[in-house]
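Everything numeric here is computed off the predicted structure, so don't read it as measured data. Order of the sequence lines fixes the chain letters, A, B, ..., with proteins taken first and strands second; residue numbering starts at 1 for each chain.
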Protein chains: 2
Amino acid sequence: MSVAASAAFLALASVPMVSAQVTGDSLVNAGKSSDDWVMYGRDYRSTRFSELNQVNDSNVKKLVPMWTFQTGVLDGFECTPLVSGGIMYITTPWNHAFAVDAKTGAQLWRYDRKLPDGLALCCDAVNRGFAILGDRLYMTTLDAYLVCLDAKKGDLIWEKKLGDYQAAYSATVAPLIVKDKVIVGISGAEYGIRGYIDAYDAKSGDLAWRFYTVPAKGEPGSETWEGDSWMNGGGSAWVTGSYDPELNQLYWGIGNPGPDFNGDVRKGSNLYTVCTISLNPDTGKLNWYYQTSPHDIWDYDGVNEQILIDEEIKGKKVKAMVQAHRNGYFYALDRTNGKFLYAKPFCKVTWGKVNDDGTVSVDPKAMPTKEGVPAFPGAAGGKEWVPMAYSPKTHLAYVPVIENGATFTSHEIFYKKGIAYWGSALNLIKDQAKGALRAIDVRTGDKKWDFPAKSPMVAGVLATAGNLVFTGDAEGNLIAFNAKDGNVLWKFQTGSGIHAPPITYKIGGKQYIAIASGWGGWTAGFAGDGAPWLKNSRKGDTMYVFGLFDETASK
Amino acid sequence: MSVAASAAFLALASVPMVSAQVTGDSLVNAGKSSDDWVMYGRDYRSTRFSELNQVNDSNVKKLVPMWTFQTGVLDGFECTPLVSGGIMYITTPWNHAFAVDAKTGAQLWRYDRKLPDGLALCCDAVNRGFAILGDRLYMTTLDAYLVCLDAKKGDLIWEKKLGDYQAAYSATVAPLIVKDKVIVGISGAEYGIRGYIDAYDAKSGDLAWRFYTVPAKGEPGSETWEGDSWMNGGGSAWVTGSYDPELNQLYWGIGNPGPDFNGDVRKGSNLYTVCTISLNPDTGKLNWYYQTSPHDIWDYDGVNEQILIDEEIKGKKVKAMVQAHRNGYFYALDRTNGKFLYAKPFCKVTWGKVNDDGTVSVDPKAMPTKEGVPAFPGAAGGKEWVPMAYSPKTHLAYVPVIENGATFTSHEIFYKKGIAYWGSALNLIKDQAKGALRAIDVRTGDKKWDFPAKSPMVAGVLATAGNLVFTGDAEGNLIAFNAKDGNVLWKFQTGSGIHAPPITYKIGGKQYIAIASGWGGWTAGFAGDGAPWLKNSRKGDTMYVFGLFDETASK
């Protein structure tokens, strides 16, 4: 009889020794060849572009799973994990969270939030990830709190109430750290909240400032709201913004007005809903705004991420920002002042058009009625919240696209606290929802290449210096593309639909690609009757981490 | 702009064209170099040994996940998947089931059973897998039905009631097909049922015979039950049996008597609880029995699988059968007549001993009392239900071992329909539960090699002609061992504890290894205070399929 076990194998995975010290400087420099992934959008520009190139177009076929981590929490798994000091930080649906050895997948700690009953959630019980600063992690919660955790142990340091969950205020956004502040946006516009963006002191948790996305009576912009409609005017801010440290401007996309589909009770352009806004991150004061869909009646949230680019547009190098808007247009703005540069449709659009001066002309035939009218895109837009990526090497933005239309109806509606405040039903046009990954030249808004897909593409995107683009599909495949021409180079079946963004990081000289795979309960908005084959999709709960195959690696 | 998509990639995975025609002959010959895996124990001998050797001790380091399948159903994932005609058939907790393309992981169909409220389940809502015959699948259910499904579409063909779930009858066993019959055993001895093994006509679903594991008053064996105690005498039969086609004998292990821990209300040896029995599969008549633990009072179920071996034991070639019993002894019997050959402890045992003639001597100091006494092994035994494997090449059985003891107490108890009928509480001795994979020479019962593990080993085992043994651990690793010496050759972290048996199969010339990974809610019996670090284990729901890395493979 021989004893074959080694003591090393018996021991639980050893805890990485590098501490998770993320400083303000590391955040400002996050985009510069860092091996870690320390913020939601990878860098303040929200590029989701990594300089890592060990995995590249010549060897990506060797990519295999290194480890997987089943969280045991089903529902839409929308997390962008953070990696710092050898540790991966994961948030899950229902506000559970985990710290995991990023090399081995061994659990280091878990955090479980006790949530109250009676949460009003329009679109699944999701969370989009942590922010990190120093040894602290920040997460928003479905019951509208900001929680601060000890990154070493997962213990709660403090929690701050963002809003009243019984009035349907909730939070799903990954916070953004700017200097000493934690910046978050609120959710709940489907229930008649009045939205805001908050900044909290990262140390004490004290509220530093609040910017209401819907001005109160008498404030600038309040003239765009009839009567008391501003009080339930919506304007959620549920996708993480971007930041330009040199200009010291914070950019954020603002969501739909309330009620979503009945504009009669809120006549006016409804500022600052469906806007891109610029704030001073120190004070919360408005620098400028640009309203993409004035008086929106199709739920074309303006929340989608803004990628900050320095590119030549119309013959001139510009400090610009680009956004693939739910209304189906790809926008470029001058980020110094919000000046409109261009907007081009990136999917089928029938609600009207963006004019050359950035104003919009709405087609009256697309206005929701009691009987219902078709309009493209559907309410989830031509692109969901899932973030695109941008590569400065190719000048391309890689946009996960939903090609879909819906029949929009408009009904009478009255506000009641905590109750859905939509003013309509909508149905995706039968069997017509499909998807694509679409590469768009950010200098012109023109399509460069296109990868059509059977189902809506609702996973985020990662671009790397290895001439690669990664995204997931509704069928569960993580797919790698040649960044220049869109050729499919590799894929892996994760076994549940993907609705999260991939990231990449490097530990001990080895590059990893990570993706959360877990389909959620809420696909009605972007699939529904449009892609009925997705109705029986299986939920999931697993983080997958890939690396280049190496049989000599000690796993 | 280039269109980079290929039509082939857009299409849903094509359905394998080979039909799932499993005949009686394929079952009899299942062990002979078949590329499929058509029954629970691989073959009627329950060897879980495969002749496939493409994956072997020289190349196992190249094993990588080929695809994964998240079922979206949490809780203990104990399924042995079947593979036939290119299709994998999976059952999950809560009696959901799936057919999946075994090469790609694409879902072909799903079956969802509506279960009633108020199920009485001692040990998680598990299921151990399908049986297959022709184009039909057979599954038992938690509400005590046998369901017959169309293997092509997953539609229900018929269902037959096995017992009254309101009286705590339930079923979790993977059925065994013998000729034209579907053979199943009932669960519920923790609630005072009277157990049985049933045979149903595979075509019509009509009951062919029932063998009660507890004889009624006046029947042979009834003298081993005092008074009316037989009426709630337990004797579940929840692990799939074995079959010898030449001898035409069906072998089955019978579980604990009821109540589990208080023997005073059921004086006598309590036949046929904690027995190995042989039945005529055509008639259900008893051929012989061997009682391993007469009048059991430690819940040492005799359910564990019987592996049929033809080996030289004590100088003579014998048609034998071996079992790693929950009471901590490794038994060999003559399977022609049930004659005792040997029994040797394979873990720490303090309840008493098995004598040289196969009788037992109980240590009175180990008998449960009101105050509680320690005894080894604990109630889940030295080995859980998870099946060991046997390789005819090495003459070794590979046993997943739990090293643990418990403090057993005995209380007064009265039977009440549907209510737990244990007659005690038990607690695993603190911080002392650990595990091992232990290789035992079936010719002698002696240990050949040993792989100790931090936590109880409660995954099943697979042995292959590639000189490999596979099993999983509680920490989530699937591990490959050198079958001869137990050296660890490879492992992969699946991200949830493993409590299921691995299988292997071959499609299109490529060998695959599959394992269900998903920890359950019920670990108290084999971990509890004994391995408190497992209390916060994450649940899981994922089937993993591995193959040798090949970058040219079109995935």
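- B:Asp112 contributes atom CG, which lies 7.5 Å from atom CG of A:Asn536 (distance to the nearest 0.5 angstrom).
- Of all the listed residues (A:Thr494, A:Asp75, A:Leu437, A:Asp441), the one sharing the greatest number of non-hydrogen pairs under 4.5 Å with chain B is A:Thr494.
- Chosen from B:Phe549, B:Phe98, B:Phe69, the residue pairing most often with chain A at heavy-atom distances under 4.5 Å is B:Phe549.
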- Item | Test side-chain hydrogen bond (donor to acceptor under 3.5 Å, both in side chains) applied to A:Thr104 and B:Gln493, step by step | CA-CA 8 Å; A:Thr104 67; B:Gln493 174 55 261; over 6 Å; no

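- Sparse packing is recorded around NZ of B:Lys62, with 12 or fewer heavy atoms of other residues, nucleotides or ligands lying under 6.0 Å away.
- In the displayed structure, A:Lys153 atom NZ is contacted under 6.0 Å by at most 12 heavy atoms of other residues, nucleotides or ligands.
- Contact of B:Ser517 with chain A is made through backbone and side chain together, with heavy-atom distances under 4.5 Å.
- Under a cut-off of 6.0 angstrom, the local environment of NZ in B:Lys484 is sparse, with at most 12 non-hydrogen atoms contributed by other residues, nucleotides or ligands.
- For the pair A:Leu74 and B:Val73, the minimum side-chain heavy-atom distance is 4.5 Å or more.
- Between A:Gln70 and B:Lys539, every side-chain heavy-atom pair lies at or beyond the 4.5 Å cut-off.
- Among the candidates A:Phe481, A:Trp67, A:Trp519, the residue making the largest number of heavy-atom pairs closer than 4.5 Å to chain B is A:Trp67.
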- Query: What do the steps show when you test B:Thr542 against A:Thr68 for side chain to side chain contact (heavy atoms under 4.5 Å, CB included), and what is the final call?
  - Reply: CA-CA 10 Å; B:Thr542 304; A:Thr68 60; over 6 Å; no

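- Across A:Phe546, A:Phe492, A:Tyr544, a single residue satisfies side-chain contact (heavy atoms from CB on, under 4.5 Å) together with B:Pro65, and that is A:Phe492.
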